[in-house]
**Q** 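One structure is given below, represented as structure tokens, and several questions about it will come after.
Below, read A as the first sequence line, B as the second, and so on, with proteins coming before strands; counting in each chain starts at 1.
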2 protein chains.
Amino acid sequence: MTLPIEVAITSAEKTFFQLRKDIVEGVIVAGAKLSETELSGRYAVSRAVIREAISRLMSCHLVERKANIGAKVVTLSAAGLKELYQVRESLEGMAARLAARNMSDGEIQDLQHLLDEHSAQVKEDQSYYQEAGDVDFHYRIVQGSKNTHLINVLIDGLYHLVRMYRVQLGMAGPRVTTAFIEHKNIALAIANRDEELAEMLMRRHILYSQRNIESKLTV
Amino acid sequence: MTLPIEVAITSAEKTFFQLRKDIVEGVIVAGAKLSETELSGRYAVSRAVIREAISRLMSCHLVERKANIGAKVVTLSAAGLKELYQVRESLEGMAARLAARNMSDGEIQDLQHLLDEHSAQVKEDQSYYQEAGDVDFHYRIVQGSKNTHLINVLIDGLYHLVRMYRVQLGMAGPRVTTAFIEHKNIALAIANRDEELAEMLMRRHILYSQRNIESKLTV
DNA sequence: AACCTCTACATTGTCGACACAATACATCTT
DNA sequence: AAGATGTATTGTGTCGACAATGTAGAGGTT
């Protein structure tokens with residue numbers, strides 16, 4: 001696993017991580033108001049710490065804030081999901097293109113080994129792959145782009161929102177095996193250093209994923 | 001003109017706008033350290049206000065911060081510029097695609113009228129177009145995408161960084177007229193509702209712009 | 001002279017209190 | 001009774017002070 005291990009130094013960071021977790025996982029419900037005074041009591045820190053945490057949640061687009069009124073957790077909607085996946089398609093497509101250009105041969109080998117491991121897991125225990133496996137694959141591509149902006153925007157920002165939709169819509173799809181094949185093909189394009197194809201396949205992959213998630217939302 | 005008119009309500013917002021301006025325009029030099037104590041004296045506000053402003057500057061990727069150490073203005077580099085334009089290419093390409101899908105007929109007409117005005121200005125007073133005209137065109141496309149994430153990330157985030165590079169590298173290029181023609185063609189593709197072409201033309205447009213800016217950087 | 005240690009300083013992180021704006025409720029008017 | 005007005009309360013915005021951390025310099029040791 002190469003998931004980023006975020007270490008909280010200050011108490012504002014700890015609170016930020018905790019709040020983000022609670023929002024993504026629905027402990028704090030979507031659309032709820034975030035009262036600074038209440039949170040400072042609940043998490044046993046001062047309001048200054050809460051304010052800093054909320055500031056950082058804002059830059060992840062997980063909460064919205066109006067001056068003199070307060071902060072609210074974003075509301076989930078079909079329209080919001082569509083917009084989110086349009087940005088994902090664009091950015092991760094570029095990430096795949098850049099990964100095909102910039103990943104080292106060793107990193108590409110590691111990526112393919114990862115998929116081999118997943119292959120085994122898909123056969124016996126499908127439940128694993130659909131969350132962690134997918135996340136891990138996409139993380140590696142993004143890191144492989146070697147583009148700091150892409151890495152920041154996607155990993156520190158959008159992915160948490162994506163996970164929020166997934167968790168709160170109760171994702172558990174039949175897309176496990178087909179998604180795995182798509183991953184395989186993307187990795188192959190990257191190994192062949194075919195930027196054009198890598199980008200195109202990644203964009204399609206995300207489009208399919210979007211349709212899959214939308215079909216459950218509109219039910 | 002349809003540039004966003006940002007109104008500062010709180011003093012933290014005012015300070016944020018002022019700081020952002022000073023950083024983008026080089027009054028506060030790239031790479032400089034932002035001392036909270038010093039800034040709170042200079043802008044005549046408390047440290048809490050400065051901290052909030054710096055927080056927001058962080059989410060624009062204009063400053064970087066380390067816990068217990070402090071915040072620094074980002075440093076400009078050829079590599080950073082390249083990364084920035086790769087993200088721009090990706091996001092604005094998608095914006096153009098979505099604009100072709102979502103802009104109203106009226107908005108498209110306005111866009112073309114805007115280009116007609118620019119056409120006149122390009123012929124007599126080239127200096128105008130290269131900054132404001134270009135900015136205005138791109139803003140309209142992004143707004144036309146009707147995608148909140150795109151709008152936020154680009155207009156509130158990346159564009160300020162782009163402007164920072166432009167200002168501090170002293171942009172003044174011979175690309176004025178050719179860029180104008182590219183704008184015309186993009187608008188045409190949007191008017192024809194040709195998403196594919198609109199995205200492709202926008203991506204090329206930004207690639208050319210990147211090469212143009214890079215050629216001056218490496219001198 | 002180079003290296004390590006300890007102390008003093010400067011800066012950031014955190015806190016509680018006050019100032020101000022927005023909302024909710026009660027009272028008054030028509 | 002419905003609406004408007006004024007007041008009370010809640011919550012956010014701002015501030016100055018204290019605590020904790022990092023940094024630089026003096027002094028000592030090898």
**Q** Just the rounded figure in Å: distance from C1' of C:dT14 to CZ of A:Phe16.
**A** 19 Å
**Q** At less than 4.0 Å, is any side-chain N or O atom of B:Ser35 found next to OP1 or OP2 of C:dA10? Yes or no.
**A** no
**Q** Which part of the nucleic acid, if any, lies within contact of A:Leu34, taking any heavy atom under 4.0 Å across all strands shown: a base, the sugar-phosphate backbone alone, or nothing?
**A** sugar-phosphate
**Q** How long is the line joining CD of B:Glu36 and P of C:dT14, in whole Å?
**A** 11 Å
**Q** Name the orientation class of the two ring planes belonging to B:His183 and B:Phe137 (parallel below 30°, tilted from 30 to 60°, perpendicular beyond 60°).
**A** parallel
**Q** For A:Ile69 and for A:Ala48, find the nucleotide of DNA chain C with the closest heavy atom, then tell me which residue's nucleotide is more 5'.
**A** A:Ala48
**Q** A:Lys66 NZ to C:dT23 P: how many Å, rounded?
**A** 10 Å
**Q** Does A:Arg88 make a cation-pi contact with A:Tyr85, if we ask for NZ or CZ under 6.0 Å from the ring centre and within 45° of the axis?
**A** yes
**Q** Check ring-ring contact (aromatic ring centres under 6.0 Å, His included) between A:His149 and all other residues, then give those that pass, not counting sequence neighbours.
**A** B:His61
**Q** Could you tell me how far apart A:Arg56 (CZ) and C:dG13 (P) are, to the nearest whole angstrom?
**A** 11 Å
**Q** When you list every nucleotide of DNA chain D with an atom under 4.0 Å from a heavy atom of chain B, which one comes first 5' to 3', and which comes last?
**A** D:dG13 to D:dG22
**Q** Give a yes or no on whether a salt bridge exists between B:Arg42 and B:Glu38, defined as a side-chain N under 4.0 angstrom from a carboxylate O.
**A** yes
**Q** Over its full length, what angle do the end axes of the helix from C:dA1-D:dT30 to C:dT30-D:dA1 make, each axis taken from five pairs and the result rounded to 10 degrees?
**A** 10°
**Q** Please report the C-alpha distance between B:Asp22 and B:Gln18 in whole Å, then the side-chain angles of each, then the deciding distance to 0.1 Å, and finally whether the side chain to side chain donor-acceptor pair (under 3.5 Å) criterion is met.
**A** CA-CA 6 Å; B:Asp22 289 348; B:Gln18 184 65 46; 3.3 Å; yes
**Q** Below 4.0 angstrom, N of the basic side chain to O of the carboxylate: do B:Lys14 and B:Glu6 qualify?
**A** no
**Q** Identify whether the distance between the nearest side-chain nitrogen and carboxylate oxygen of A:Glu25 and A:Arg163 falls below 4.0 Å.
**A** yes
**Q** How far apart are the C-alpha atoms of A:Arg20 and A:Asp156, what are their side-chain angles, what is the distance that settles it, and do they pass the salt bridge (Lys or Arg N to Asp or Glu O under 4.0 Å) test?
**A** CA-CA 11 Å; A:Arg20 189 178 62 186; A:Asp156 296 339; 5.7 Å; no
**Q** Charged N to carboxylate O below 4.0 Å: is that the case for B:Arg203 and A:Glu199?
**A** yes
**Q** Report the residue (A:Arg47 or A:Thr10) whose heavy-atom-nearest nucleotide on DNA chain C is the more 5′ of the two.
**A** A:Thr10
